[in-house]
Each structure stands twice: as C-alpha cells, then as structure tokens.
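Here's the structure we're looking at; comments come further down.
Residue numbers start at 1 and run along the sequence shown. This is a predicted model, so every value here is computed, not measured.
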Amino acid sequence: MKVRDFVSLITRNLRKPITSSHSLKADLHMHSSFSDGVHTPSELVNIAKNAGLNIISITDHDTVGGVGRGIKAGQENGLEVIPGIEISSVLGTFEIHILGYFIDISSPELLKFLEHLRKERIIRAKKIISRLNAHGFDISFEEVKNHAGDETIGRPHIADLLLAKGYIKYFHEAFDKYLARNKPAFVEKAEVKPDDAVKIIHTAGGLAVLAHPGSLPDNIINRIVRKKIDGIETIHPSHSPARIKQLKQIRDKFSLLDTGGSDYHGNNRGMVLLPGDYYVSGLKVDKLKNYLSEKG
C-alpha cells in the first residue's frame with residue numbers, strides 16, 4: 001500500500017466519532033523538521049509519547065510533507081496523530097495563521113495550493129536575502145536552502161543561518177532587528193487571505209481553526225470567525241489566563257469549537273516549553289470528530 005493510500009485510510013478512521021476519557025491528553029499544535037521544527041515526525045512522536053501525550057497533530061507551516069511519516073510512526077507507537085497543517089495568511093497588516101485538522105493530504109486542490117505557496121516562499125526568501133546583503137550580511141540563497149534541507153523555507157531558516165554565521169547572538173535578534181514587520185529586511189508574504197486558507201482546508205475535508213488569536217484585536221477575530229471558520233485555538237503558550245477567558249467567551253458567542261497545544265518547534269531557539277506543557281483533553285478531540293461527522 002502506498003504511503004498516501006495508507007494515510008488516507010488512517011485519516012478516515014481517525015475521523016470516526018468516539019468517546020474518550022478525560023484523562024487523554026492532546027497537543028494539537030506541533031511542528032516537525034518539514035517546516036521550521038527541529039525534530040523529524042518520528043522523533044516528534046517519540047517525544048510526545050514520552051511526555052505522556054496520547055494524541056498530537058503535526059501542523060507544519062504550509063506543508064503536509066511530514067504528516068504521512070508522523071501517522072505511521074504514531075501507529076507503530078500507539079499514539080494518535082491527526083493530519084494537520086498551519087496555513088499562513090494576511091489580513092491588512094495582521095498575519096493570520098489558520099490550522100487545519102483531519103485534512104486529506106492527497107487532495108489535489110490542497111497540493112496545488114501548497115505548491116504555489118512553496119514557490120512564493122522561495123521568491124520571498126530571495127528578496128529577504130537580497131535586503132540583508134545590502135546591509136552587509138554575506139549569506140546566499142543556496143546556504144539557506146542547504147540549511148533548510150527538505151523543509152519549507154521561511155524566515156526562521158534565515159535567522160538560523162545568521163546565528164550560525166555569528167551575525168547575531170540569539171535567534172530572536174534576527175527578527176527584532178531585521179526580519180519582523182517594519183524592519184529593514186522584512187518582505188510581505190504571498191497574498192493569501194484567511195478566507196482562502198479556510199476554503200482550501202474545507203475543500204480537503206478538514207476543519208479550520210484560527211491559530212493563537214490572543215495577540216489579535218477582537219474586531220479582527222470577529223471578522224475571521226464569521227468566515228465559516230470552525231474553531232479557535234484557546235490554549236497556547238502566548239495566552240494569559242485572562243486572555244483565554246476572553247477567547248472562550250468569543251468561542252461561546254459564535255458557537256465555535258476550541259483547540260489548544262504547545263506550538264512546539266524544539267528548544268533550539270530559546271524556548272523552554274515542552275510537549276505536554278500545553279494540551280487539551282481528549283474530549284476536545286471527540287468534539288472535533290463528532291462535528292466533522294455531523295458536517296459530513
């Protein structure tokens with residue numbers, strides 16, 4: 001059986017409504033080395049299992065390249081891996097990330113969409129590098145590409161390279177001084193609207209969830225959730241208890257699902273959180289499955 005056929009079969013089984021125990025722990029926001037995470041999908045599964053998690057979702061940025069390997073590793077290790085993705089979009093000056101769960105990673109429409117994003121990321125990376133070169137940094141696209149390997153190229157890879165070459169003292173310095181919005185080397189992302197991200201996730205048979213909305217103004221959140229989105233991420237390392245309470249009020253107001261997770265990338269960039277530090281109950285996963293089943 002081909003990997004994609006295997007994943008498609010497993011995905012259909014994962015979507016079936018079930019009733020889980022309150023004791024099950026689910027981290028629904030994790031990144032592998034196929035985007036800007038440190039660990040391979042298999043390593044991520046092992047780390048999650050050792051952390052006491054029962055369910056995870058691999059939600060790499062703008063790629064599903066690692067999902068199949070993650071699901072197979074999960075099957076071998078008794079850990080449920082939900083096929084996921086995190087799609088980057090823009091609304092005005094706000095960067096909006098949309099999580100997709102239970103997506104069909106073999107969807108032709110999804111793969112065509114992601115291939116377009118991959119090409120746009122390369123164009124953006126080259127423009128960023130050109131601006132950095134103009135500021136005296138001796139780096140090339142080939143160096144960034146080699147550093148990223150098979151991953152989807154993004155600003156974190158450029159920051160990693162600047163750190164490796166001694167141009168900066170810590171990872172986030174690259175964003176603080178050069179790569180963030182309104183900084184010398186910032187370049188806008190490809191024009192993907194939140195509506196487009198939600199639509200392609202739905203086309204691939206998945207559920208669309210607004211990622212880490214805590215830093216967004218409520219009026220922006222309200223605009224996005226009215227666009228047929230299925231849920232919002234309430235549990236996230238960047239959310240304070242007070243903000244979580246506010247987000248749950250928005251959830252209730254719009255009758256949304258809610259999810260959560262660690263947004264784990266690995267601890268090579270000054271982060272100290274671990275998988276298992278931020279999670280939701282397995283009952284939240286049941287709600288996602290039941291909603292998806294009812295939605296058809």
Side-chain angles (χ1 to χ4, degrees), residues 25-32 35-38 44 53 55-63 82 84-101 103 152 154-156 159 171-172 175-176 179-181 189 192-198 201 206-227 229-254 256-267 269-281 284-285 288:
K25 295 181 178 180
D27 187 335
L28 302 180
H29 195 158
M30 304 184 79
H31 295 274
S32 81
S35 63
D36 56 346
V38 175
L44 206 55
L53 292 166
I55 307 166
I56 68 170
S57 184
I58 295 177
T59 54
D60 284 326
H61 295 283
D62 300 331
T63 179
I82 296 170
I85 194 169
E86 185 172 6
I87 297 178
S88 303
S89 67
V90 177
L91 181 62
T93 60
F94 294 99
E95 190 168 310
I96 311 295
H97 289 188
I98 307 295
L99 293 160
Y101 295 113
I103 52 174
T152 302
R155 286 180 297 171
F171 174 80
H172 290 290
F175 287 85
D176 295 340
L179 303 180
R181 184 177 293 278
K189 288 186 176 182
V192 175
K193 298 295 185 184
D195 292 7
D196 299 327
V198 171
I201 288 169
L207 297 175
V209 173
L210 177 60
H212 39 70
S215 61
L216 297 174
D218 285 356
N219 66 312
I220 296 296
I221 298 175
N222 292 342
R223 283 179 61 182
I224 296 169
V225 300
R226 288 191 177 98
K227 302 297 184 179
I229 205 163
D230 302 298
I232 60 174
E233 184 177 50
T234 55
I235 305 300
H236 187 270
S238 67
H239 295 170
S240 68
R243 190 55 172 147
I244 291 173
K245 183 178 180 180
Q246 294 169 343
L247 292 172
K248 288 183 176 180
Q249 290 173 345
I250 294 174
R251 172 201 66 188
D252 294 340
K253 177 181 178 180
F254 292 97
L256 299 168
L257 299 163
D258 64 333
T259 67
S262 63
D263 201 355
Y264 181 70
H265 288 72
N267 291 329
R269 292 170 182 161
M271 294 185 287
V272 294
L273 67 88
L274 295 170
D277 288 347
Y278 293 84
Y279 64 89
V280 294
S281 164
K284 294 287 186 183
V285 178
L288 294 177

Listing, residues 90-99 side-chain donor-acceptor contacts under 3.5 Å, not counting sequence neighbours, or none:
| residue | atom | partner | partner atom | Å |
| --- | --- | --- | --- | --- |
| Glu95 | OE2 | His97 | NE2 | 2.8 |
| Glu95 | OE2 | Lys189 | NZ | 3.1 |
| His97 | ND1 | Glu86 | OE2 | 2.8 |

If I take atom OG1 from residue Thr259 and atom NE2 from residue His236, how far apart are they, to the nearest 0.5 angstrom?
10.0 Å
Can you list everything that forms a side chain to side chain donor-acceptor pair (under 3.5 Å) with Asp230? Sequence neighbours excluded, please.
His202, Tyr291, Lys295
When you measure from the side chain of Asp258 to the backbone N and O of Lys248, does any donor-acceptor pair fall under 3.5 Å?
no
Point-to-point distance, once rounded to the nearest 0.5 Å, from CG of Asn222 to NZ of Lys253:
5.0 Å
By side-chain contact (heavy atoms from CB on, under 4.5 Å), Ile221 pairs with (sequence neighbours left out) Leu210, Pro213, Leu216, Asp218, Val225, Arg243, Leu247, Ile250
Please enumerate all residues that pass side-chain contact (heavy atoms from CB on, under 4.5 Å) together with Pro275, with sequence neighbours excluded.
Asp27, Met30, Ile47, Ala51, Leu53, Tyr264
Please evaluate residues Phe254 and Ile232 with respect to the criterion side chain to side chain contact (heavy atoms under 4.5 Å, CB included), reporting the C-alpha separation (whole Å), side-chain torsions for both, the decisive distance (0.1 Å), and the verdict.
CA-CA 10 Å; Phe254 292 97; Ile232 60 174; over 6 Å; no
Where the side chain of His29 meets the backbone of Thr59, is there a donor-acceptor pair that is under 3.5 Å apart?
no
In this structure, which one of Val285, Asp263, Ile56 forms a side chain to side chain contact (heavy atoms under 4.5 Å, CB included) with Leu28?
Val285
To check you understand the geometry: which heavy-atom pair defines the closest contact between Arg155 and Ala180, and what is its length?
NH1-CA, 4.0 Å
Nearest heavy-atom pair of Leu257 and Leu288: which atoms, and what distance?
CD1-CD2, 3.6 Å
Looking only at heavy atoms, what is the nearest atom pair of Ser262 and Pro237, with distance?
O-CG, 3.2 Å
Short question: side chain of Asp60, backbone of Ser32 - any donor-acceptor pair under 3.5 Å?
yes
Which residues satisfy the side-chain contact (heavy atoms from CB on, under 4.5 Å) test with Ser215, sequence neighbours excluded?
none
Donor-acceptor contact present, side-chain Ser57 to main-chain Ile82, <3.5 Å:
yes
Pro156 to Phe171 - nearest heavy-atom pair and separation:
O-CE1, 3.5 Å
Does Arg251, at its CZ atom, have more than 12 non-hydrogen atoms belonging to other residues, nucleotides or ligands within less than 6.0 Å?
yes
Which atom names give the shortest non-hydrogen contact between Ala208 and Val198, and what distance separates them?
CB-CG1, 4.0 Å
Mind checking side-chain contact (heavy atoms from CB on, under 4.5 Å) for Lys245 and listing every partner two or more places apart, or none if nothing turns up?
Gln249
If you measure from CG on Asp36 to NE2 on His31, what distance do you get to the nearest 0.5 Å?
6.0 Å
Rounded to the nearest 0.5 Å, the OG atom of Ser281 sits from the CD1 atom of Ile235 at a distance of 11.5 Å
Could you tell me the separation between the CD1 atom of Ile201 and the CG atom of Asp196, rounded to the nearest 0.5 Å?
11.0 Å
Nearest-0.5 Å distance that lies between atom CD1 in Ile87 and atom CG in Asp62:
6.5 Å
